[in-house]
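Inspection log for the structure reproduced underneath, given as structure tokens.
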Amino acid sequence: GTDLCSYSHYGKSPALECYDAKNHGFDNLAYAYGSHSDLRPPPRAASRVTFKLVGLASEHQAQTTESRISSLNGVLGISLSLPRKLAKVDYDSSVITTKEIALELQTPGCNVESAVQISVQGMHCQSCVQSIEGQVGELPGVSHIQVSLQAGTALIVFQPLRVTEQELRDKIEDMGFDATLLADEPSLQTISYWQGDIMNSSSQTVTVWIVGMTCNSCVQSIEGRMSQMTGVQSIAVSLKEKRGTITFDSSLTEAEQLRIAIEDMGFDAIQNHDKPSPGGSRPSDPSALQSSSKAGVSSVTGSHPTSTNSPESKVQKCFICIKGMTCASCVANIERNLLKHKGVISVLVSLMAGKAEVTYDSEVIDGAAVTQLIEDLGFGARLIEDNVVSLGKLDLTITGMTCASCVHNIESKLTTTKGIVSASVALATKKAQIQFDPEVLGARDIIRLIQSLGFEASLVKAGFKNNLDHTEEIKQWKKSFLLSLVFGLPVMGLMIYMMVMDSQHKEHGSSMPEEQNLLPGLSLLNLAFFLLCTPVQIFGGRYFYIQAYRSLKHRTANMDVLIVLATSIAYIYSCVVLIVAMAERANQSPVTFFDTPPMLFVFIALGRWLEHIAKSKTSAALAKLMSLQATDATVVTLGPNHSIISEEQVAVELVQRGDIVKIVPGGKFPVDGKVIEGSSMADESLITGEPMPVSKKVGSLVISGSINAHGALLVEATHVGADTTLSQIVRLVEEAQTSKAPIQQFADRLSGYFVPFIVIISLLTLVAWLVIGFVDFDIVKKNFPGYNQNISMAEVIVRFAFQTTITVLSIACPCSLGLATPTAVMVGTGVGAQNGILIKGGEPLEMAHKIKVVMFDKTGTITNGVPRVIRVLVLWEMARMPLRKILAVVGTAEASSEHPLGMAVAKHCKEELGCNVLGYCQDFQAVPGCGISCRVSNVEHLLQQQSEECVLLPGATTDESSLFQFPDDSSLFYSVLIGNREWMRRNGHHIGADVDGAMSSHEAKGQTAILVAIDGVLCAMLAIADTVKGESALAVHTLNSMGIEVVMITGDNRRTAKAIAAQVGIRKVFAEVLPSHKVAKVQELQDQGLRVAMVGDGVNDSPALAQADVGIAIGTGTDVAIEAADVVLIRNDLLDVVASIELSKKTVRRIRINFIFALIYNLLGIPVAAGVFMPVGLVIQPWMGSAAMAASSVSVVLSSLLLRMYKKPSVGLYEERVRGQMKSLRSFQISTHLGLDGRRRSPALSTREQLNKGHVASTSPSSEVPSIRSVQEQDHYSLLDHQTADDLNV
């Protein structure tokens, strides 16, 4: 290379420095890491500033500039390098400013640049980085910006005469970050950016396939535009080969940005890295390309798939658990940065599972080092498995086999195939079990292999495994109930007959006169009772006995033990007294308690049956989730230029990683993947809960189960089978349901104390009477009914003691105890249903009153979930166009749009115009992320409806009002543009500060503002928002007044979430959370000992609804959410959340009162039955036990029926309760946490936010839409979010 010279002037003495520039390549401001050791250190006391002199060409010019600057007062020294065009000036800052020096350096044909490094606090993901780069980069005078998330710094190269360091810092602060200017000395990065030293370590070459070039001017256009991009060192475009080779500095720009820049020029660009990988080289023509635009995906299929099996293989795989990812840009950030490191071959990150699969060269790097690299990016990372060899398992049904040789033929063919580890085929069952390496081949390849032998093979359809299947329990409780009912109804009839007869003859036993005795001591009625009760006791009560046995085995006494005790004692006691009476040939048949078991079993079996039916609905949630999955997929084979050579329809289970899948408009995405061709919109409400469609273009991630809109796409499968996002949600719901601890019901807790108490009392009674009998036999003799001298004393005492004990047991174990809970729950759920609250069983009803935290989803729960036009601002000064005409034209234009915002605008226009038939629209074009354009005609009929009326505008002259007269020319066409700022600017419209201010004020509240231009004139601004439900604020404040903490948790962005929270009065917000994060948040609160209720409506809420102590679903929500929840609000009214908690309190109070009624008669009767009052002549009579039982049962049922008196409080009553408390919150009163780790954004920022809002009209350039690319990174966030870069940084 030639030696180039640089001049140095310190203390007026020039020195010549030589410098070899053979590594320079192209001196076009390329960025590279280098050093400036060849520049002398300055005097210690001086301030130093470095300038880049763009356009400095000759040595003479350099010497003149150097002399002029060194003669300035306050300048201590100057070093000027001509090849680098760098001027380093040491100066006394008290004498001269950098701006004055820059002014002196500025000469015709020579521009001055400076650099500053700013510390930026508060960035949390790649979206923040892009937002700062996008907005600061657009400021006048800024020529380069690079923001490092890891270092928390922004490096800015700028023109000091156009913008100052302070203005740059203020701009970053205005976006909601903390910014501090770092030391004057420019960073190493700045110097190397200017020097353009091309270091091999940071220089990369990428090949981009460019489709759409037609001639040499296209080539020149691309080369000219791309060579001006920061970081591009060289570019060569070949028209013949339809590709461009770009050498760039990876530390300054990236291949994806270059590809998008080419696409922005109107060409289709598909990128492929030339970065070598250990397994082999990249494909060299488009036909071999099956890569998506982002690095890493190209190696998903692997350029070395078979190498894993070879003994000398150095390629290994590890799995890493990652925490802190909130969106798709986090995934892209990790994949892109890992692939820059030597030794990393492929990276595959799953956002939902929070897991990365990394293939690496073990000679260069190891799993721990990869984990550390991820941690360095600011995420939490933990190595789960290293050096993994994951084998796939496949179960197939093979038809066409006739003998053992067929089996041998298949097995030998399979086992000799590369990638198949083992194969076992059974002729009798026609089944095959195969283990294979998924890196080498997939299920589809194996099936094809078997088919090539002349047999038919198909996947064994795995039945949906449901861990919470209640079918068996439902069947058994139904059987138990029906059996008890069949025998129980006659028993109840006989009991009523007995009570009537007794009351008529005024004595007990009149229903069993002696003449009706079949045998001495056995009446017809008792025989009927015995025959009806025995089958119920043995068959109807079978399941109660099983449950009671299990409970006692675990040394606990629950409700089942109590029921078994009560019924068994009643039955055994009745049988024993009947047998004794028959043995003693008594005249009167004794009073029995055979009526107890059937009555008790009928009620309780019914309660259990209904409860299991309700629980089974929850399990159906998993089946509903699975039904969201597409059943088949169209796998395509690609030729050159992504042309489709062949298509094949396959079952979704047979799609393999790396397959190219075609998705038609309106179709479901069968797998997770990356778009490699096409552009469209996708409905991802499945994951985000937000109804706004997300723009999909080359490089975008797609989610299985989400729905494609209007464009056809080619997608490369990255996650298939159990790894897809939908499968992850299914797993979350399943885990939540199985891990949820069962609630111990009040009745079971009471039984735990009551059963031992009864047994102890009975045993004490037995022991006491045995002792008393042997001490003083006269007491027993006097009170023993039908005392016979022939019976021995010991026998009399034992018989009397046992009789008293059994009486105590039968009185103390009332059947009403078993009725206390089921009757109250039945009435409570019935009352709930009448009030629009469906409660699934007793557990949620008993749990709801303990709730301490209520978590609300945002979209569709607190808000209506659909966008609505909330303001139409007519720009009268510009367009002089009346509102009705604007609505007619805009409504007609948006009627053709499929976008939710467009549909909202069309609906609003139709409502305002009072007409469903709009005009005629043609040449309709929609640009995702920007807006629409079209031509509209035939709207005159909409305008003439008001032609009779005279409309006078306030402050308008009569002449201006006459503008309402429209021409009748029906062939009149209007050119219409509707969209965001970027769309208007692209089409040549200037947006004034006042209009921009009006838009910004809406955007600050989390609303979307769009502009309308008709016939080339801006004429209106529309504000669209997902509006808050009318009752949301009242519901939140009522819950707060009840001492319940209210939290909002949403997948939406922080700005929108905060705006909605402020309106309804919620102080704690979790934003940008995934479905798995919602579950984790619920668990976190439960671990703190709090009872949590979750209120949601979407598929993304279903895991959290299943995990929460009480899941409450909105009736208008998705089927999956409704199935997963415990409570469903049919009326879509949030005040019903309050009502369900109040109803739970009332029901639980009623259950407790029922237990008091159940016990009161019996606890009073225990001492009488135990014979405590025998000395005073008060002896228990057999009818007393029956009367106590009947009275307590009737009391319990009547008490439960009192619940029907519950009336849901009116809205007025709720408002009365929270009067004076309902105030909207200010920004600083709300704490906002992002993602799973809950990093809180300091409320201190909000004072600046308020200042910004106060001066929002003056922030004109700040809310510009950066580009379609930025929109794509953000538009997965929100319905409310106007797609602007600063939305993520309020």
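These values consider heavy atoms only, across backbone and side chains, with no hydrogens, waters or symmetry-generated copies.
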Residues in side chain to side chain contact (heavy atoms under 4.5 Å, CB included) with [X], at least two apart?
| X | answer |
| --- | --- |
| Val211 | Asp268, Ile270 |
| Ala1013 | Leu977, Met984, His989, Leu1018 |
| Leu149 | Met123, Gln126, Val129, Asn333 |
| Ser679 | Lys697 |

To the nearest 0.5 Å, what is the distance between [atom1] ([X]) and [atom2] ([Y])?
| X | Y | atom1 | atom2 | result |
| --- | --- | --- | --- | --- |
| Leu168 | Ile145 | CG | CD1 | 8.0 Å |
| Glu684 | Ile703 | CD | CD1 | 4.0 Å |
| Asn980 | Leu1011 | CG | CG | 8.0 Å |
| Thr634 | Leu714 | OG1 | CG | 10.5 Å |
| Ile320 | Ile374 | CD1 | CD1 | 4.0 Å |
| Glu335 | Thr718 | CD | OG1 | 8.0 Å |

Listed partners of [X] passing salt bridge (charged side-chain N to carboxylate O under 4.0 Å, His left out), at least two apart:
| X | answer |
| --- | --- |
| Glu677 | none |
| Asp376 | none |
| Lys662 | Glu647 |

Intermediate values then yes/no, side-chain contact (heavy atoms from CB on, under 4.5 Å), His719 and Leu348
CA-CA 9 Å; His719 296 87; Leu348 203 60; 3.9 Å; yes
So Val715 and Ile663, side-chain contact (heavy atoms from CB on, under 4.5 Å) or not? Walk me through it.
CA-CA 8 Å; Val715 171; Ile663 290 95; 3.6 Å; yes
Write down the atom of [X], the atom of [Y], and the distance for their closest heavy-atom approach.
| X | Y | result |
| --- | --- | --- |
| Pro867 | Pro900 | CG-O, 3.6 Å |
| His899 | Met681 | CD2-CE, 3.8 Å |
| Ile707 | Gly666 | CG2-O, 4.0 Å |
| Ala717 | Val671 | CB-CG2, 3.7 Å |
| Val702 | Lys696 | CG1-CD, 3.9 Å |
| Ala709 | Ser680 | N-OG, 3.7 Å |

For [X], check side chain to side chain donor-acceptor pair (under 3.5 Å) against everything at least two apart and list the hits.
| X | answer |
| --- | --- |
| Asp672 | Ser704, Thr725 |
| Ser897 | none |
| Glu263 | Arg259 |
| Lys355 | none |

For [Y], does its backbone N or O pair with a side-chain atom of [X] as donor and acceptor, under 3.5 Å?
| X | Y | answer |
| --- | --- | --- |
| Glu223 | Val237 | yes |
| Thr153 | Ser148 | no |
| Glu716 | Ile676 | no |
| Asn708 | Phe669 | no |

Tell me, with the steps shown, if His144 and Lys52 meet side-chain contact (heavy atoms from CB on, under 4.5 Å).
CA-CA 12 Å; His144 164 71; Lys52 171 82 172 181; over 6 Å; no
In Asn337, Leu338, Val331, the residue satisfying side-chain contact (heavy atoms from CB on, under 4.5 Å) with Val347 is Leu338
Can you list the steps and then say if Lys171 with Glu138 is a salt bridge (charged side-chain N to carboxylate O under 4.0 Å, His left out)?
CA-CA 11 Å; Lys171 174 65 182 172; Glu138 287 179 356; over 6 Å; no
Working note: Lys242 + Trp209, criterion side-chain contact (heavy atoms from CB on, under 4.5 Å); need CA distance, chi angles, decisive distance, verdict.
CA-CA 6 Å; Lys242 289 187 168 50; Trp209 307 101; 5.7 Å; no
Close side-chain approach of Pro670 and Val661, heavy atoms under 4.5 Å
yes
Less than 4.5 Å apart, side chain to side chain, heavy atoms only: is that true for Val136 and Ile156?
yes
According to the salt bridge (Lys or Arg N to Asp or Glu O under 4.0 Å) rule, which pairs have a member within residues 923-932, sequence neighbours left out?
Asp923-Arg935
Is Glu256 salt-bridged to Arg336, going by a charged N under 4.0 Å from an acidic O?
no
